[in-house]
Protein chains: 2
Amino acid sequence: MSTPLTREKLLDSAEHMFARRGFDGASVRDITADAGSNLGSVNYHFGDKQGLLREVILRRAKRIVEGRDAMLALAVEAAGGKAPTVRAILEAFIAPTVNMAGEHPDFAALMSRMHYEGRFALVGEVFERAFHKSLRAFVAELAKAAPTVPEDEIKWRIFFTVGAFVFVTINPRMIFTVTRSDAAKPDPRALTRRLVDFCAAGMQAPASCKGVRK
Amino acid sequence: MSTPLTREKLLDSAEHMFARRGFDGASVRDITADAGSNLGSVNYHFGDKQGLLREVILRRAKRIVEGRDAMLALAVEAAGGKAPTVRAILEAFIAPTVNMAGEHPDFAALMSRMHYEGRFALVGEVFERAFHKSLRAFVAELAKAAPTVPEDEIKWRIFFTVGAFVFVTINPRMIFTVTRSDAAKPDPRALTRRLVDFCAAGMQAPASCKGVRK
DNA sequence: CGCATAATCAAACGAACGTATGAAAATGTC
DNA sequence: GACATTTTCATACGTTCGTTTGATTATGCG
């Protein structure tokens, strides 16, 4: 078999457990029990626990970046010479993640957690390699699409954008608790639309900087 | 002494350790060693490790909500009969948190982490009690200030807002890595202004909902 | 002072952790 | 079918974990 069954089950279970309990909170025993495999299988297949986390992340992160870059290229092409709209760029940025969150909510939750568990050099390295090159391309494209906004401001605002969807994709339960909304299943398309509405307006807002540049 | 020294040192050290390593990653031994107190002091003063976390959160969360509510009341008063502007409301919502993040970055990081470690019933309960009542008041005020935006949309957008500042307050190091900005010290006032610019525009954006209400 | 209460301390407990080991079973190849 | 390789398995090792205990010291107060 080209794709060992135990390996895949371990990745699935680890994705689930790491997302729900964090790296420290999910024990190798929990994960292997959930995967129905032996205790030693993690060390055999991935070296150690951290190697397992690395593979869990790498397995899907590349897909998101590929989706983003593909949609961005499509938007650039569709604009035909001119710069794509801010909306189109942000949709290319947001949609692949929201869609991934719909298909693999555990992975979305894990990614969000990893943004906050910065103590792993591993995670920083993986994020750097997987996301940041693409991210810089988006900043460049946004700078062209919103020429009146200073590039510094664009960089901040792309992070506000990341923060917005990272936050809402991990724990919609809390949001529904507060909003008391009964639309309990957030349709990925509707969520993307909401996010793009919000972030595109924010991205193009005039900067009220009082010229305090040092 | 009315404020026992050991207790305070434990809270400070726990805030720091929990923020940096998470609840599971920070051991009681780490915390007591950092506080210079005995291993058993956590259990003596707080019952157990989770009780320590509860006190760490409660110590500061109330201040943030008080700050928000006070600034909101001020904005309502200043508007004199009319509804305050969206900007004023969002500034009242954001500024106390950003200021707190400036004064106590460890607490800000901890709060962000806690948003993602939802497995503690404790955290959910504390958040509900500490924040959500105030949050609903902000939603109501925003609904008046932006009457053209459906209330459902307002609720989503206030969460996008929370996501934006939760994200940027926890780990500015990563952001600077990507932006390669050398303005390494994010002034709280400048950060608040940036966030308000972004979120106020997003809050008032026309909703491009295609009327797919179920 | 004398005494009750509060706080600190060193030491130890059982449990759970990540990992290592060597034998057993499964798999692929000739 | 025999052999080499890969994969599983039960088991054990050494650490570290959160918590408990009982003695010891400090503190508040009449």
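Residue numbers begin at 1 in each chain, while the letters A, B, ... track the order of the sequences.
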Rounded to the nearest 0.5 Å, how far apart are [atom1] of [X] and [atom2] of [Y]?
X: A:N99; Y: A:T192; atom1: CG; atom2: OG1; answer: 5.5 Å
X: A:Q50; Y: A:F23; atom1: CD; atom2: CZ; answer: 5.5 Å
X: B:D34; Y: B:M17; atom1: CG; atom2: CE; answer: 4.0 Å
X: B:R7; Y: B:L5; atom1: CZ; atom2: CG; answer: 12.5 Å

(message) Check whether A:T32 reaches the backbone of A:R29 with its side chain - one donor and one acceptor, N or O, closer than 3.5 Å.
(response)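 Side chain of A:T32 to backbone of A:R29, a donor-acceptor pair under 3.5 Å: yes, one is there.
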(message) Restricting to side-chain contact (heavy atoms from CB on, under 4.5 Å), what partner residues turn up for B:E151, sequence neighbours left out?
(response)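 Partners of B:E151 by the side-chain contact (heavy atoms from CB on, under 4.5 Å) criterion, ordered by chain and then number, come out as B:V139, B:A143, B:K155.
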(request) Starting from the 5' end of DNA chain D, give me the residue, A:S37 or B:G47, whose nearest nucleotide shows up first. (result)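 Between the two, 5'-proximity favours A:S37.
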In this structure, how many angstroms lie between the [atom2] atom of [N] and the [atom1] atom of [X], rounded?
X: A:K49; N: C:dA16; atom1: NZ; atom2: P; value: 15 Å
X: B:L39; N: D:dG22; atom1: CG; atom2: P; value: 17 Å
X: A:L5; N: D:dT8; atom1: CG; atom2: C1'; value: 13 Å
X: A:I31; N: C:dT19; atom1: CD1; atom2: C1'; value: 14 Å
X: B:L53; N: D:dG18; atom1: CG; atom2: C1'; value: 15 Å
X: B:D24; N: D:dC17; atom1: CG; atom2: P; value: 12 Å
X: B:Y44; N: D:dT25; atom1: OH; atom2: C1'; value: 12 Å
X: B:K9; N: C:dA7; atom1: NZ; atom2: C1'; value: 17 Å

Under 4.0 Å from OP1 or OP2 of [N]: is there any side-chain N or O of [X] that close?
X: A:N38; N: D:dA10; answer: yes
X: B:T6; N: C:dT8; answer: yes
X: B:S27; N: D:dC17; answer: yes
X: A:H45; N: D:dT8; answer: yes
X: A:N43; N: C:dG18; answer: no

(message) Using a 6.0 Å cut-off, check whether atom CZ of A:R59 has over 12 heavy atoms from anything other than its own residue.
(response)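 Yes, CZ of A:R59 has more than 12 neighbouring heavy atoms, counting only those of other groups under 6.0 Å.
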(request) Report the residue (A:D30 or B:R29) whose heavy-atom-nearest nucleotide on DNA chain C is the more 5′ of the two. (result)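 So the residue in question is B:R29.
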(message) Reading 5' to 3' and counting Watson-Crick or G-U wobble pairs with both distances under 3.5 Å, write the dot-bracket notation for DNA chain D, | for bases paired outside the strand.
(response) ||||||||||||||||||||||||||..||
